[in-house]
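Structure record follows, encoded as structure tokens.
Chain A is the first sequence line, chain B the second, and so forth, proteins listed ahead of strands; every chain is numbered from 1.
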There are 2 protein chains.
Amino acid sequence: MQKIDETQTDSQLNRSRWKQNPDAVRRDILRVATQEFAAHGLSGTRMANIAAKTKTSKRMIYYYFGDKEGLYGQVLEALYAAVRQGEDQLDLAMLPPVEALQKLVVFTFDHHCQHPDFVRLVMIENIHHAKYLRTSEIIRQLNKSAIEKVQDICRRGQQDGVFRDDVDALKLHWHISSMAFFNVSNRPTFSEVFGDRLWISEEQENLRALVVDAVVGSVLKSNAKLPTAKKSK
Amino acid sequence: MQKIDETQTDSQLNRSRWKQNPDAVRRDILRVATQEFAAHGLSGTRMANIAAKTKTSKRMIYYYFGDKEGLYGQVLEALYAAVRQGEDQLDLAMLPPVEALQKLVVFTFDHHCQHPDFVRLVMIENIHHAKYLRTSEIIRQLNKSAIEKVQDICRRGQQDGVFRDDVDALKLHWHISSMAFFNVSNRPTFSEVFGDRLWISEEQENLRALVVDAVVGSVLKSNAKLPTAKKSK
DNA sequence: TCGAAAATGTTCGTCTCGGTTAATTATATA
DNA sequence: TATATAATTAACCGAGACGAACATTTTCGA
């Protein structure tokens, strides 16, 4: 009774009553579950609601994912993996350190903006004290690769003599992440109180430039001050 | 059967089997509910669990607070009000703008560290798209007062000619809040992946100094560069 | 072509959880 | 002291949610 697949044509599918397509079913479930968990949290999400928005049934969710927490864990992993894909396309090793850092900050900022579901899932994980993230080696590896990019930039910046010697890659990563993350995670409360002026596109560009300046400024040796990134058009 | 009050002596209370003390009961419920909501989120919190950790019963929670969401809302307000009390003791108007800003950043950073439950409740609010915050005028006022402090500093800094003319108080507030907030809110995931090195007290001091430098640096006119805050002892 | 295994459909049990009802005890006040 | 009202208790309820049992269909290799 189900038309599961989205990539294949109907003619391939509807010869009989329904066609099996485990991979598509899995992906479909994961897609919907991501939205639901991001929207309602772990305990707030109803398995029946996920099933309803899926092209398949609740039965299949348990068949493939065991239980709610298993599903949640896999959603988390899939989301991290997707984020990683984007990150890897960044070619920072070729750029001189300051430009590489600028590019990384811009990317991180935009990336969080473009993946609000990811941000929300991480928020939820934090509420749960990173309980599920803790069990996933995949996610750990993913984040390691993120910090390695920063470490490489730091090393090169210090070699070139443009970065301060006491720059700490981990703190730098913290610095970048904090603003990129907060900008998405706390938008509801912030804009509820102060209005959403900061989230019109022009102001977001300004904020991004502010972040770039703040981050780059914090690692540069105080003598060599670069021209600031463009503040507004 | 209940010993409700903590401030009064037993002799005042236990003359008979139990003594009524509505205010103490309310406070007790709020105290426990704050912990529970902060720990498990809105839908994750069980009313029965709150009741169990309270000196009173589940029935009383409904008696005083109506329902779960009503309780949650009052928890939120009470927490904001408590936080506000601390904030107002800051005397920034007396200080020259740069020092005032430094002091404000240090305070904000420490303040978030010292009120993790508050931070967690705000996270939860954001997950719920600030649904409950929206209904509370008290909370709105509290945040307004926070931004006014920043606006005053900005105005004076620009008058004195040490701040750049394009400094935006709202962005500055965003800038400060982002790091102070993230430092607490995302500690679980961050330290799960990268270790908790950044949260030993010495490194927290360094981070705080980094934040001060980044924030102050972003508002100063580029010519007049102040001595950086102490990086480590 | 046949049968086993994988995938899906259908239905139901059980337990949790938010919220309520009815009865009991303390307090205030006249 | 009597009585109305506020505070408190214990038991209970119905909805709904997770997950499992059982049945059926599809696929694929021997």
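By the 30° and 60° cut-offs, the orientation of the rings of B/F182 relative to A/F181 is perpendicular. Aromatic ring orientation, B/H128 versus B/Y132: perpendicular (interplanar angle above 60°, classes split at 30° and 60°).
The nucleotide whose nearest atom lies closest to any side-chain atom of A/M47 is, among D/dC18, C/dA7, C/dG18, D/dC18. Residue B/Y64 has its side chain nearest to D/dT8 when only C/dG9, D/dG19, D/dT8 are considered.
Where A/R59 and A/S43 each meet DNA chain D at their nearest nucleotide, the meeting point lying more 5' is that of A/S43.
Atom pair A/N49:CG and D/dG16:P shows a separation of 11 Å (rounding to whole Å applied). Between the CG atom of A/D67 and the C1' atom of C/dT14 there is a distance of 17 Å, given to the nearest Å. Between the CD1 atom of A/I61 and the C1' atom of D/dA17 there is a distance of 13 Å, rounded to whole Å. Atom C1' of nucleotide D/dG19 and atom NZ of A/K58 are separated by 7 Å, given to the nearest angstrom. Following rounding to the nearest Å, A/Y62 (OH) and D/dA17 (P) show an atom-to-atom distance of 11 Å. Regarding A/F65, its CZ atom lies at a distance of 14 Å from the C1' atom of C/dA7, rounded to whole Å. Between the CD atom of B/E69 and the C1' atom of C/dG19 there is a distance of 13 Å, given to the nearest Å. Atoms NE2 (A/H40) and P (D/dG16) sit 16 Å apart, rounded to a whole Å.
Remark: B/R46 is not in phosphate contact with C/dT16, judged by side-chain N or O atoms under 4.0 Å from OP1 or OP2. Remark: B/S57 is in phosphate contact with D/dT9, judged by side-chain N or O atoms under 4.0 Å from OP1 or OP2. Phosphate contact (OP1/OP2 of D/dA6, side-chain N/O of B/Y63, threshold under 4.0 Å): absent.
Under the 6.0 Å cut-off for aromatic ring centres, B/H173 and A/F194 qualify, their centroids lying closer than that. Ring centers of A/W199 and A/F190: under 6.0 Å apart, within the cut-off.
Among the protein residues, B/M60 comes within range of the nucleic acid bases, having at least one heavy atom under 4.0 Å from a base atom.
The side-chain tip of B/R26 points at the ring of B/F65 from less than 6.0 angstrom away and within 45° of straight on.
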